[in-house]
Protein chains: 2
Amino acid sequence: MTTRPGIDEVARLAGVSKSTVSRVLNGAPHVSSRAREAVRKAVVKLDYTPNQAARSLAGHRAHAIALVVSEPSGRVLTDPFFAGVMRGVHAELAGHRTQLVLMMSEPGDVGSYLTNGHVDGALVISLHGHDPLLSLLYDNGLPVVAGGRPLAGGPVPYVDSDNFTGAVDATQHLISLGCQRIATIAGPSDMAVGLDRLSGWRRAMSGRRADLVAYSDFTPEGGAAAMTSLLARQPDLDGVFVAADIMALGALQALHAAGRRVPDDVAVVGFDDSVPAVPPLTTVKQDVEKFGRMLTWRLLAEIEGEEGLPPTVLLPTSLVRRTSA
Amino acid sequence: MTTRPGIDEVARLAGVSKSTVSRVLNGAPHVSSRAREAVRKAVVKLDYTPNQAARSLAGHRAHAIALVVSEPSGRVLTDPFFAGVMRGVHAELAGHRTQLVLMMSEPGDVGSYLTNGHVDGALVISLHGHDPLLSLLYDNGLPVVAGGRPLAGGPVPYVDSDNFTGAVDATQHLISLGCQRIATIAGPSDMAVGLDRLSGWRRAMSGRRADLVAYSDFTPEGGAAAMTSLLARQPDLDGVFVAADIMALGALQALHAAGRRVPDDVAVVGFDDSVPAVPPLTTVKQDVEKFGRMLTWRLLAEIEGEEGLPPTVLLPTSLVRRTSA
DNA sequence: GCAAATTCTGGGAGCGCTCCCAGAAGTTTT
DNA sequence: AAAACTTCTGGGAGCGCTCCCAGAATTTGC
């Protein structure tokens with residue numbers, strides 16, 4: 001690796017000063033088109049890439065944002081939801097000369113790392129309960145956007161799927177199918193996504209018996225266990241709304257093991273449209289990639305200091321009919 | 001956000017010089033335990049975090065490594081394999097004060113970005129065909145480790161699962177079950193992982209008719225299509241080795257749609273142990289998290305300039321018996 | 001005991017940029 | 001035509017660290 005060209009080499013080759021090169025690089029105004037062109041050529045010729053470290057140090061901008069996964073075990077990574085979001089984040093970041101730094105938040109020092117100028121902003125997803133991380137960041141003046149409604153409320157802007165409406169649609173579909181005893185496998189009650197989908201189910205079930213609820217944890221194993229216990233409580237249940245496809249996978253296994261046919265004996269509706277299954281799941285589709293893009297767009301806008309940004313963005317969902325219900 | 005404390009504030013509070021603080025921070029020798037202790041206390045009291053940008057600039061180290069996903073579409077992100085690897089990378093990075101920067105390699109400029117000092121090394125995974133990226137990086141003197149054997153060969157160190165042996169085991173299991181007409185759904189032929197698993201199948205099939213091969217692309221849809229075509233060619237096939245669970249999911253759907261019972265009519269063995277399915281898949285398990293850890297360990301060691309590092313690390317696999325075969 | 005080695009410490013010169021400031025060049029107004 | 005702007009340009013002072021070097025404190029050898 002030969003020594004990298006510096007900004008002064010570019011300046012020399014282009015016949016201008018460092019300052020002018022810097023202006024061109026940062027798209028600042030007050031540069032003659034002749035100078036701009038000369039710099040452009042020099043940059044290409046030398047294959048020059050500005051040194052991020054120096055830029056950050058001098059410019060007080062990190063040129064990086066953090067994606068904080070607030071999950072001790074790091075389990076979320078396996079989640080197709082997470083993968084989709086990350087793809088969206090990446091897509092939106094393209095062309096912004098901004099790095100994506102990935103963090104897991106188990107160690108308590110994440111907060112101070114983030115508030116200490118290493119990143120220009122943070123995306124926080126998979127937030128549980130009343131995690132103080134969000135307000136810590138917010139109070140320190142770091143631009144933050146939450147992925148999924150934070151349970152704690154507060155002034156932090158967030159992007160979320162319309163989980164409530166999605167769950168209502170899913171449940172109504174089950175009802176319209178003629179199901180009489182409809183259960184639900186809900187997500188963790190310390191996350192808004194779990195609560196909101198459960199609320200949707202309750203809303204749609206109003207006027208009916210709505211006590212067949214099993215809480216679980218967004219894992220296939222958890223879904224299987226929940227299904228088994230539901231079956232024990234109500235052997236003749238004929239419909240179930242599972243608050244995540246990933247749990248539905250487990251539920252399907254449990255149903256199969258218990259000798260129930262899907263959808264003939266029990267109709268199953270999932271949420272996420274994230275995994276293929278046997279039989280193919282009827283599910284509530286959410287556009288996770290768009291989710292990631294909105295999240296990132298919102299954060300970048302905040303960092304740029306744009307005015308009048310919406311505090312909340314709710315993305316629509318849609319029911320996808322397949323075989324399971 | 002109040003002004004962050006700098007190294008000189010720490011120095012002042014600890015009653016020593018900047019240099020000494022720097023030494024303590026970097027674990028350099030020749031520091032009295034008294035000074036070390038004083039600095040430690042000051043750091044805690046001020047909640048001091050060193051400024052990465054300044055460290056990088058002055059120290060000629062980026063304190064960051066890149067995880068390069070060499071997949072145009074970014075599709076890999078959805079793959080449970082990728083998620084597991086990333087978890088491993090993260091785990092191994094903990095305590096190394098090193099950032100993980102995520103990159104997709106579609107734009108051609110990734111190479112020059114990487115070779116221009118923004119990262120201390122790179123992990124390249126999901127490499128297709130004879131992608132020139134690896135040698136570009138290697139030739140520029142950047143420490144690189146490939147995740148999965150690079151098809152192009154060359155001097156770049158790599159970490160891989162023992163795909164060949166795993167495939168042999170899977171196929172032999174099918175044979176020991178008494179299957180007579182064993183097919184395989186292979187991965188893409190421009191990736192070593194696809195080729196190696198196919199070789200394993202061929203090895204185990206030696207002496208038998210081994211022409212029931214369908215190539216696919218590590219997606220559920222592709223797996224379904226491959227299964228369908230296989231069924232058309234050989235309606236009475238009774239065993240199939242699918243080179244990835246994610247494809248097996250699709251194959252299972254196709255089998256189901258064609259009215260075949262698994263495992264009674266057709267026994268199915270997958271690879272990866274990455275997804276739950278109905279019926280639960282018999283599959284070749286590989287420890288993807290360990291994969292990520294090895295990858296990272298190898299790269300960090302290379303960056304540190306350790307001697308006598310193994311050019312290649314092969315991780316063992318094991319057959320997990322479940323219901324599908 | 002003193003010289004020589006060894007461990008420790010502080011000073012200060014950069015790392016490669018950005019950004020402020022003052023001045024040069026060019027344009028419009030009176 | 002000079003005055004008053006406006007657009008452009010270069011110089012140079014940092015940003016907060018690391019690392020080299022020389023000097024102070026301490027230990028060891030004879």
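Naming: A, B, ... by sequence-line order, numbering from 1 per chain.
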- Test item: B:N26 side-chain N/O and B:A28 main-chain N/O as donor-acceptor pair under 3.5 Å: no
- Message: Strictly below 4.0 Å: does B:T20 bring a side-chain N or O up to OP1 or OP2 of C:dG10?
- Response: yes
- Would you name the heavy atoms of A:A62 and A:H118 that are closest together and state the gap between them? CB-O, 3.1 Å
- Query: Are a donor atom and an acceptor atom from the side chains of A:E92 and A:T296 found within less than 3.5 Å of each other?
  - Reply: no
- Separation of C:dT18 P from A:D120 CG (nearest whole Å): 14 Å
Show me the donor-acceptor pairs within less than 3.5 Å that the side chains of residues 94-101 of chain A make with the rest of the protein, sequence neighbours left out.
residue	atom	partner	partner atom	Å
A:T98	OG1	A:H96	O	2.7
A:Q99	OE1	B:Y113	OH	3.0
A:Q99	NE2	B:Y113	OH	3.0

For nucleotides 14-16 of chain D, print each protein N/O atom paired with a nucleotide N/O atom at under 3.5 Å, atom names and distance only.
residue	atom	partner	partner atom	Å
D:dC15	O2	A:A58	N	3.4

- Item | Residue-level proximity of residues 22-32 of chain B to DNA chain C when a heavy atom falls under 4.0 Å | B:R23, B:H30, B:V31, B:S32
- Provide the closest heavy-atom pair for B:K18 versus B:A11 in the form atom of the first, atom of the second, distance. N-CB, 3.7 Å
- Query: Looking at A:K41 and A:E37, does any basic side-chain N land under 4.0 Å from a carboxylate oxygen?
  - Reply: no
- Message: Whole angstroms only, please: what is the CZ-C1' distance between A:R97 and C:dT18?
- Response: 14 Å
- In whole angstroms, the gap separating C1' of C:dT18 from CZ of A:R61 amounts to 13 Å
- Note on the structure: Closest heavy-atom pair, A:L127 versus A:P150, reported as atoms and distance to 0.1 Å, is CD2-CB, 4.3 Å
- Task: Could you tell me whether a side-chain N or O of A:R149 sits under 3.5 Å from a main-chain N or O of A:T312, the two making a donor and an acceptor?
- Result: no
